[in-house]
Amino acid sequence: MKMLKKLQCFLLLGTIFIILFVIVHWDDVRDGTFYLHVASQSSPTRLALRQAHRRRVIRELCSANSSLNFPGKFKTFDQIPSKALDHIIVDDHHGVIYCFVPKVACTNWKRVMIVLSQNLKAPNGAPYLDPLDIPSALSHNATLHLTFNKFWRLFGRFSRPLMHHRLKNYTKFLFVRDPFVRLISAFRNKFAKPNEDFYKQFGSTILQRYAHISTPPDSAQEAFAAGIRLSFTHFIQYLLDPQTEKEKPFNEHWQQMYRLCHPCQIDYDFVGKLETLDEDTEHLLKILGLDNQIHFPPGYSNRTAVNWERDWFANISVADRRKLYNLYEADFRLFGYDKPETLLDE
């Protein structure tokens, strides 16, 4: 009898503990952040709760009464011009919509979208089946992707209703990245080594305006041979200069992610992050039912890392760091990235 009473006491105490735990963490359970408390649970549960949290953050910050305001927040989807929808790739075969963000594994995701759409044939005449077989340069060929900005030309006045139908019925996803790290990655890729296109479009102008080189060399190769290189500091000055966007919008490699993907107008079903790319990719392919069909290509070994920030920003004044944060604050907050206090408060 004593053992039975002890067992009953333990069961009662256990029940009380579970009830108290749920009460204490009810707000977390309701809003999705409960995944932080159940990291030891099964992976599918943890990943589903992670997604619930990421989507909730966006939804709350996009609401009219949130503390975050930024240009275009209160536009409707139909008020977004078609040319601003050129990053929204559609696959009608599988009912998938992907918004690509440059410098966030977009080459490999574009490869996946080409495989799904079967819009590109291999040299043997058959559609590509393995994303890794698709040459990197081909993945960025705009003619291979059906994007929302092409709908007007294809469907005329029916384009917006057709977009709405797909947004309602297709699985929509995007992948994001720490905004400052993405800027470093863009600089490394486009300016830290000779890139003729970006030198002609941006590099020579940046050298003139911020490095005070009145007559820059005609080509990136010549500039590098002469030891003339624009610095990360020059690049940041270019981004912070109000004149830059008065002349033309930011290039897609450093344009704010929210301006590319419109998360307040498009209710994404899945928000992946480069920082959790392997887990998120596996999770998303399972959601899409493609985990047995698609092998996502491996990432790069020299990927720009968050812990590089301090070194890269060493020559940027604290005042300019704060201005840069203000410029990208919407990306930091919408996509759940911590404010880089150590960089902004030095």
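Position 1 is the first residue of the sequence, and the numbers go up from there.
Rounded to the nearest 0.5 Å, atoms CZ (Phe270) and CZ (Arg50) are 8.0 Å apart.
The closest donor-acceptor contact from the side chain of Glu60 to the backbone of Ser66 lies at 3.5 Å or more, if one exists at all. No donor-acceptor distance shorter than 3.5 angstrom exists from the side chain of Gln208 to the backbone of Ile213, with no hydrogens or angles considered. Judged by distance alone, with hydrogens and angles left aside, the side-chain atoms of Asn195 form no donor-acceptor pair with the main-chain N or O of Phe191 at under 3.5 Å.
Counting only N and O atoms by type, the side chains of Tyr98 and Asp91 include no donor and acceptor under 3.5 Å apart. Defined by atom type and a distance below 3.5 Å, a donor-acceptor pair is missing between the side-chain atoms of Ser159 and Lys150.
Note on Lys190 versus Asp197: no salt bridge recorded, every NZ/NE/NH1/NH2 to OD/OE distance being 4.0 Å or above. In summary, Asp291 and Lys286 do not engage in a salt bridge, as defined by a charged side-chain N under 4.0 Å from a carboxylate O.
Screening residues 91-154 for disulfide (SG to SG under 2.5 Å), with sequence neighbours left out, gives Cys99-Cys261.
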Problem set entry | CA sep, side-chain torsions, deciding dist, call: Glu275, Arg177, side chain to side chain contact (heavy atoms under 4.5 Å, CB included) | CA-CA 7 Å; Glu275 294 81 2; Arg177 184 180 196 175; 3.9 Å; yes

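Under the ring-ring contact (aromatic ring centres under 6.0 Å, His included) test applied with Phe180, the options Tyr328, Trp254, Phe232, Phe332 reduce to a single match, Phe332.
Residues Tyr258 and Phe70 bring their aromatic ring centres within 6.0 Å.
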